[in-house]
Amino acid sequence: MAEHERRVDELVGGHLRRRQTGEAHPVEDFLFTYYSHRPSQLRRWHPGFGRILTGDAPHASWRGYVRTSDGITVDPGLLTRRAASITWVRDLLAATASRPAYAGCFGLHEWAMVYRTRPGEVRHESWPLRLGHDGTDAVVESHKIRCSHFDAFRFFTEPARPRNAVTPTRERQPQLEQPGCLHANMDLYKHSYKLTPLVPSELVADAFTLAREIRELDMRASPYDLRDLGYEPIRIETREGKAAYVDAQLAFAERAAALRTRLLAEIDSWSEQTWHVSAHHVAH
């Protein structure tokens, strides 16, 4: 528990300090504005379903835990109460893993989010567009956009939406999600924390770390100029920039595939462990 808390403190320290002073960081703060998991929740350590905590553990008073004759454990009843969410996440992960990684999007989703905007209409208004508004529009218009991720597509500007090769919806997410997508791989963090306390916190923290690194690539390849923050742009409007982006994207896809496999294995193990945990007397 102490090791996990130290790890998270290092990961979120900058965000917490900026929050006290009212500063904003378009890369490092994103995971706490886009996702709903708070730093205090990420810091709380959970052993995962089927593990028994002996001795004096604070988990006895936490929601989602029960005391058995052997110690404190995650309540097996959560599997029934959250069955719909668990099934949805598992099916999405399995469907994503079954497809080849597509690496031809070049991060154009961020460009489509500012397409045909003008000053005062941009999400990260504090940071300039590297090519200006007209130059950004020209990049969008000279490329074919193929964004398969609904939670990226829904932030497209209205003029950009018809330019996308597909029309992602929440309902079509299991049919469209693919393992090369940066946002799909970032969402491994969301899927893991939403299944807390069933998922071990080590896996959640690993997914957070990956999502944080992916966000850096996402913004380096974006139309924003973040060199004052130390982020050298990946100029995806050039052949060299596209190659660099694809290399980084595929490396992240490989790391995300390993995490996706771990999360799937964790979910699949719950049904096998249920009989063992449920066999113990639950103390009242």
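By convention here, the first residue in the shown sequence is residue 1. For clarity, every value in this text was computed on a predicted model and none was experimentally measured.
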Let me see the working for R7 and D206 under salt bridge (Lys or Arg N to Asp or Glu O under 4.0 Å), right down to the final yes or no. CA-CA 10 Å; R7 179 185 183 187; D206 287 347; 2.6 Å; yes
Give the C-alpha distance, both sets of side-chain angles, the deciding distance and a yes or no for salt bridge (Lys or Arg N to Asp or Glu O under 4.0 Å) between R6 and E3. CA-CA 5 Å; R6 284 193 297 269; E3 181 180 347; 5.5 Å; no
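R99 has its side chain within reach of P179: a pair of non-hydrogen atoms, C-beta onward, lies under 4.5 Å apart. Y189 has its side chain within reach of H37: a pair of non-hydrogen atoms, C-beta onward, lies under 4.5 Å apart. With a 4.5 Å cut-off on side-chain heavy atoms, R43 and S40 do not count as touching. Looking at heavy atoms from C-beta onward, V27 lies out of side-chain contact with D218 at the 4.5 angstrom threshold. With a 4.5 Å cut-off on side-chain heavy atoms, T196 and Q41 do not count as touching. Residues D228 and W127 meet the side-chain proximity criterion, which asks for heavy atoms closer than 4.5 Å. Considering only heavy atoms from C-beta on, L195 comes within 4.5 Å of W270 through its side chain. Put simply, the side chain of L263 does not reach to within 4.5 Å of the side chain of R260, judged on heavy atoms.
Under the side-chain hydrogen bond (donor to acceptor under 3.5 Å, both in side chains) criterion, E23 pairs with T21, not counting sequence neighbours. K190 pairs by the side-chain hydrogen bond (donor to acceptor under 3.5 Å, both in side chains) definition with nothing, not counting sequence neighbours. Evaluation of the side-chain hydrogen bond (donor to acceptor under 3.5 Å, both in side chains) rule for D134 yields R118 as partners, not counting sequence neighbours. Residues passing the salt bridge (charged side-chain N to carboxylate O under 4.0 Å, His left out) test with E202, sequence neighbours excluded: none. In this structure S36 satisfies the side-chain hydrogen bond (donor to acceptor under 3.5 Å, both in side chains) test together with Y193, sequence neighbours excluded.
S201 places a side-chain N or O within donor-acceptor distance of the main-chain N or O of H46, the cut-off being under 3.5 Å. Here the side chain of R51 pairs a donor or acceptor atom with the backbone of F49 at under 3.5 angstrom. Checked by atom type and distance alone, the side chain of H149 never pairs as donor or acceptor with a backbone atom of P168 at under 3.5 Å. Between the side chain of R172 and the backbone N or O of T167 there is at least one donor-acceptor pair closer than 3.5 Å. With hydrogens and angles disregarded, a donor-acceptor distance shorter than 3.5 Å links the side chain of N164 to the backbone of C147.
When all heavy atoms of I86 and L78 are compared, the pair lying nearest together is CD1-O, 4.5 Å.
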Would you give me the side-chain donor-acceptor pairs under 3.5 Å for residues 88-95, sequence neighbours excluded?
| residue | atom | partner | partner atom | Å |
| --- | --- | --- | --- | --- |
| R90 | NE | D268 | OD1 | 2.7 |
| R90 | NH2 | D268 | OD2 | 3.2 |

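Between the side chains of R17 and Q20, no donor-acceptor pair is found at a separation under 3.5 Å. Remark: the R146 side chain and the Y102 side chain contain no N/O donor-acceptor pair separated by less than 3.5 Å.
Taking the six-membered ring for Trp, H109 and H183 have ring centres closer than 6.0 Å. Ring centroids of W111 and H143 are separated by 6.0 Å or more, keeping the two rings apart. Aromatic pair F156/F153: centroids less than 6.0 angstrom apart.
Among R19, R18, R215, the single residue meeting the salt bridge (Lys or Arg N to Asp or Glu O under 4.0 Å) criterion with E28 is R18.
Residues L176 and I145 do not share a hydrophobic cluster, clusters being chains of Ile/Leu/Val/Met/Phe/Trp/Tyr side chains in contact below 4.5 Å. Hydrophobic clustering (ILVMFWY, side-chain heavy atoms < 4.5 Å, transitive): V166 and F106 are in distinct clusters.
Note on ring orientation: taking the six-membered ring where Trp is involved, the planes of Y65 and W62 are perpendicular (angle over 60°, cut-offs 30° and 60°).
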